[in-house]
Amino acid sequence: MSHRPAAHDGMPVADLDGPFARVVKLAERTGLPEVSLGTSYGTPALLVKGKSFVRMKDAETLVVMCALEEKEMLLELDPALFFETDHYKGWPAMLVHLQAIDDASLTQRLIAAWREKAPRKLSADFSA
C-alpha cells in the first residue's frame, strides 16, 4: 500500500492478524497507489482516496466492489468462490469466500475492485 497508517481502531497495523491480514498483505504487494486501511460499516476495509473498495463482512467473507457485468460473469463462472445475498443484488459488489480463494485470484479481485473506486486518472496511471 502506498499509505500505511500507524493504527486501526487503536490497534497497530503490524498487529493485524486473521483473514484480513492476508488481504492487506496482498494489497501491499500489488503496489496500488493511494490505498489506506480504514473501516466500512464497522468492519476492516481498504480504501482508495477515502472510498472503500474491499471490506470484511464477517470472519469468512469479503465484500469486493466490481462492475455489475463482471459480477454476473464471476457468480456464474465460480459460485464456490463468489456469491451474493439479497442485500447485494443489483449492487456493484459481490461476496467472496475468503478461505476458498487462492492468492492469485484474490489479488486480481483486489486490483479490479481498486480500479472500480479509484479516480479515473489514478487508475489510468497504474499498470498492474
Side-chain angles (χ1 to χ4, degrees):
M1 284 188 296
S2 59
H3 176 247
R4 189 177 177 114
H8 168 69
D9 291 342
M11 175 176 44
V13 173
D15 293 344
L16 267 179
D17 59 3
F20 197 64
R22 175 180 169 218
V23 175
V24 170
K25 286 177 189 171
L26 291 175
E28 287 176 337
R29 287 183 198 157
T30 66
L32 294 169
E34 302 294 331
V35 172
S36 61
L37 186 62
T39 60
S40 179
Y41 297 97
T43 64
L46 292 178
L47 315 169
V48 56
K49 292 285 202 171
K51 294 181 180 181
S52 172
F53 65 94
V54 62
R55 75 172 184 90
M56 292 299 296
K57 181 178 187 317
D58 57 45
E60 299 171 358
T61 311
L62 198 61
V63 179
V64 180
M65 302 308 294
C66 67
L68 286 172
E69 305 80 35
E70 185 178 30
K71 173 183 171 178
E72 291 173 14
M73 178 192 68
L74 290 169
L75 292 174
E76 200 172 303
L77 223 60
D78 202 342
L81 290 183
F82 309 110
F83 68 106
E84 68 180 345
T85 61
D86 287 343
H87 178 78
Y88 291 96
K89 288 186 192 268
W91 290 98
M94 69 180 169
L95 303 174
V96 177
H97 290 290
L98 196 49
Q99 294 176 356
I101 193 167
D102 63 51
D103 285 354
S105 296
L106 181 53
T107 298
Q108 287 178 334
R109 293 293 92 228
L110 292 173
I111 293 169
W114 178 88
R115 288 193 185 279
E116 281 296 307
K117 289 297 189 173
R120 283 188 192 134
K121 176 151 179 35
L122 187 63
S123 180
D125 289 346
F126 176 74
S127 61

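Hydrogens, waters and symmetry mates play no part in the numbers below; they use all other heavy atoms, side chains included.
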Distance in Å, D78 CG paired with E76 CD, rounded so as to fall on 0.5 Å steps: 11.5 Å
Over all heavy atoms of both residues, which pair between S52 and K117 is shortest? Give the atoms and the distance, please. O-CG, 3.4 Å
For the side chain of T30 and the backbone of A27, is there at least one donor-acceptor N/O pair under 3.5 Å apart? yes
Contact summary for L122 and P33, nearest pair of heavy atoms: CD1-CG, 3.8 Å
T61 vs L98, test: side chain to side chain contact (heavy atoms under 4.5 Å, CB included). Steps then yes/no. CA-CA 6 Å; T61 311; L98 196 49; over 6 Å; no
Using the rule that two of Ile, Leu, Val, Met, Phe, Trp, Tyr join whenever any of their side-chain heavy atoms come within less than 4.5 Å, decide whether M73 and M94 are in one cluster. yes
In this structure, CG of L75 is separated from NZ of K89 (nearest 0.5 Å) by 8.5 Å
State, with a plain yes or no, whether a side-chain heavy atom of I101 is found less than 4.5 Å away from one of R22. yes
Would you call R109-E70 a salt bridge at under 4.0 Å N-O? yes
Would F53 and E116 count as a side chain to side chain contact (heavy atoms under 4.5 Å, CB included) if you check the C-alpha gap in whole Å, the side-chain angles of each, and the deciding distance to 0.1 Å? CA-CA 7 Å; F53 65 94; E116 281 296 307; over 6 Å; no
Are the side chain of K71 and the backbone of A93 linked by a donor-acceptor contact shorter than 3.5 Å? yes
Has the side chain of R115 got a donor or acceptor atom that lies under 3.5 Å from a matching backbone atom of L110? no
Donor-acceptor contact below 3.5 Å, side chain W114 vs main chain L46: no
Pairwise side-chain contact, L62 with K57, heavy-atom cut-off 4.5 Å (strictly under): no
Please check: side-chain N/O of T107 versus main-chain N/O of D103, any donor-acceptor pairing under 3.5 Å? yes
Single-linkage hydrophobic cluster L47~I111, side-chain heavy atoms < 4.5 angstrom: no
Should H97 and E60 be marked as a side chain to side chain contact (heavy atoms under 4.5 Å, CB included) after you check the CA-CA gap, both sets of side-chain angles, and the distance that decides it? CA-CA 6 Å; H97 290 290; E60 299 171 358; over 6 Å; no
Could you tell me whether a side-chain N or O of T43 sits under 3.5 Å from a main-chain N or O of M56, the two making a donor and an acceptor? yes
Same cluster for W91 and V54 if Ile/Leu/Val/Met/Phe/Trp/Tyr side chains link at under 4.5 Å? no
Of all heavy-atom pairs between P19 and A59, which one has the smallest distance, and what is that distance? CG-O, 3.1 Å
Side-chain hydrophobic cluster, 4.5 Å single linkage: members besides L95: V63, F83, Y88
So, taking the atom named NZ in K51 and the one named OG in S36, what distance separates them when rounded to the nearest 0.5 Å? 13.0 Å
Side chains of R55 and P44, heavy atoms from C-beta outward: is any pair under 4.5 Å? no
